[in-house]
Amino acid sequence: MRSKGVGPSLAVLFLVNVLNIYDRQVLSAVVEPLRHAFSLTDTQLGLLPALFTVVYAVAGLPLGRAADTGSRRRLLALGIAVWAALTALGGLAANFGMLMGTRLGVGIGEAVCAPAATSWIGDLVPATRRARAMAGFMMAVPVGIMLSLAISGPVAQAYGWRAAMTLAAIPAMALVPAVLWLPEPARASRSGIGAAIALIPPPAGFLVDCRIGSDRQLRAV
């Protein structure tokens with residue numbers, strides 16, 4: 001059966017992922033203006049993406065748990081608002097320390113996107129079409145990179161790197177009400193575990209099935 005609101009939900013989640021990547025990549029398009037504005041060394045320029053990646057990875061662990069237990073819609077809307085606001089705030093940075101702080105905050109906000117959106121898609125789309133839905137969602141990665149480099153570079157050249165970062169934040173902020181408007185799908189019940197086991201190739205699937213069967217027998221005793 002086709003779930004209600006699948007098309008609009010997938011479209012909004014795709015746009016969220018596009019802007020997630022767009023705002024992440026905006027710094028790559030303005031590296032040289034940043035170097036000259038703050039007299040940055042190569043080490044400092046390398047620290048920006050390196051520490052961003054560490055914070056993004058670490059923040060994803062508790063945020064993934066929050067996506068499993070709480071409202072994915074509110075969590076995703078909050079993440080978008082955080083990363084968009086801090087991207088714009090980065091355009092006001094007066095020194096390297098302020099710029100680094102805003103980028104690390106962007107990493108925390110963006111760490112919401114993957115766990116919340118993939119969990120949402122998993123409950124929204126039937127298993128027979130889930131791989132296609134995820135493929136479409138992940139197409140946002142090259143699209144976001146392309147748009148960020150194609151737009152941010154010319155904007156920075158014409159109006160400065162601060163304008164490029166501010167412009168990157170505006171579309172993301174506009175998506176917050178769109179995400180809150182979406183109906184969040186019900187979480188899949190644990191009764192679907194048998195179908196999930198069937199997707200695991202042997203012998204792993206057999207071992208998992210045996211383990212679950214043993215647990216059930218123990219509970220019966």
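Counting only heavy atoms from C-beta outward, the side chains of Arg72 and Arg187 approach each other to under 4.5 Å. Inter-residue side-chain proximity for Leu76 and Leu13 is flagged as met; some heavy-atom pair is nearer than 4.5 Å. Here the side chains of Val82 and Leu78 are in contact, with some heavy-atom distance below 4.5 Å. Side-chain atoms of Phe52 and Arg24, non-hydrogen and from C-beta on, do get closer than 4.5 Å to each other. In this structure, Leu92 and Thr166 have side chains that are not in contact, with every pair of non-hydrogen atoms separated by 4.5 Å or more. Under the 4.5 Å side-chain criterion, counting only non-hydrogen atoms from C-beta, Arg103 is in contact with Leu27. Under the 4.5 Å side-chain criterion, counting only non-hydrogen atoms from C-beta, Asn95 is not in contact with Leu99. Annotation: side chain of Tyr159 is not in contact with side chain of Leu167 (no heavy-atom distance under 4.5 Å).
To the nearest 0.5 angstrom, Leu124 atom CG is 10.5 Å from Ser119 atom OG. We find the CD1-CE distance between Ile21 and Met138 to be 7.0 Å, quoted to the nearest 0.5 Å. Atom-to-atom distance recorded for Leu63:CG and Cys113:SG is 11.5 Å, nearest 0.5 angstrom. For the atom pair OG1 of Thr102 and CE of Met165, the computed distance is 5.5 Å after rounding to the nearest 0.5 Å. Put simply, CE on Met100 and CG on Leu48 are 4.5 Å apart, with the number rounded to the nearest 0.5 Å. The OH atom of Tyr22 lies 13.0 Å from the CD1 atom of Ile145; values are rounded to the nearest 0.5 Å.
Across all their heavy atoms, Asp42 and Arg35 have their closest contact at OD1-NH1, 2.8 Å. Closest heavy-atom contact between Gly107 and Tyr56: O-CD1, 3.5 Å. Smallest separation of non-hydrogen atoms from Asn20 and Glu110: O-OE2, 2.8 Å. Listed here is the closest heavy atom pair of Ala168 and Val26: CB-CG2, 4.2 Å. What you find for Ala164 and Ser152 is that their closest heavy atoms are CB-O, 3.7 Å. Minimum heavy-atom separation, Val30 to Ala156: CG1-CB, 3.6 Å.
Thr69 places a side-chain N or O within donor-acceptor distance of the main-chain N or O of Arg65, the cut-off being under 3.5 Å. A distance-only check finds no donor-acceptor pair linking the side chain of Arg74 to the backbone of Gly70 [under 3.5 Å]. Listed for the Glu184 side chain is a donor-acceptor partner under 3.5 Å among the backbone atoms of Arg73. In terms of modelled atom types and a separation under 3.5 Å, the side chain of Ser148 and the main chain of Gly144 share no donor-acceptor contact. Side-chain atoms of Asn17 never come within 3.5 Å of backbone atoms of Ala140 as a donor-acceptor pair (strictly under, hydrogens ignored).
For Phe38 and Trp161, the ring centers sit closer than 6.0 Å to each other.
Shown are Thr41, Leu34, Leu40; of these, the side-chain contact (heavy atoms from CB on, under 4.5 Å) with Phe96 is made only by Leu40.
Both Leu51 and Ile108 belong to a common hydrophobic cluster when Ile, Leu, Val, Met, Phe, Trp and Tyr are linked at side-chain heavy-atom distances under 4.5 angstrom.
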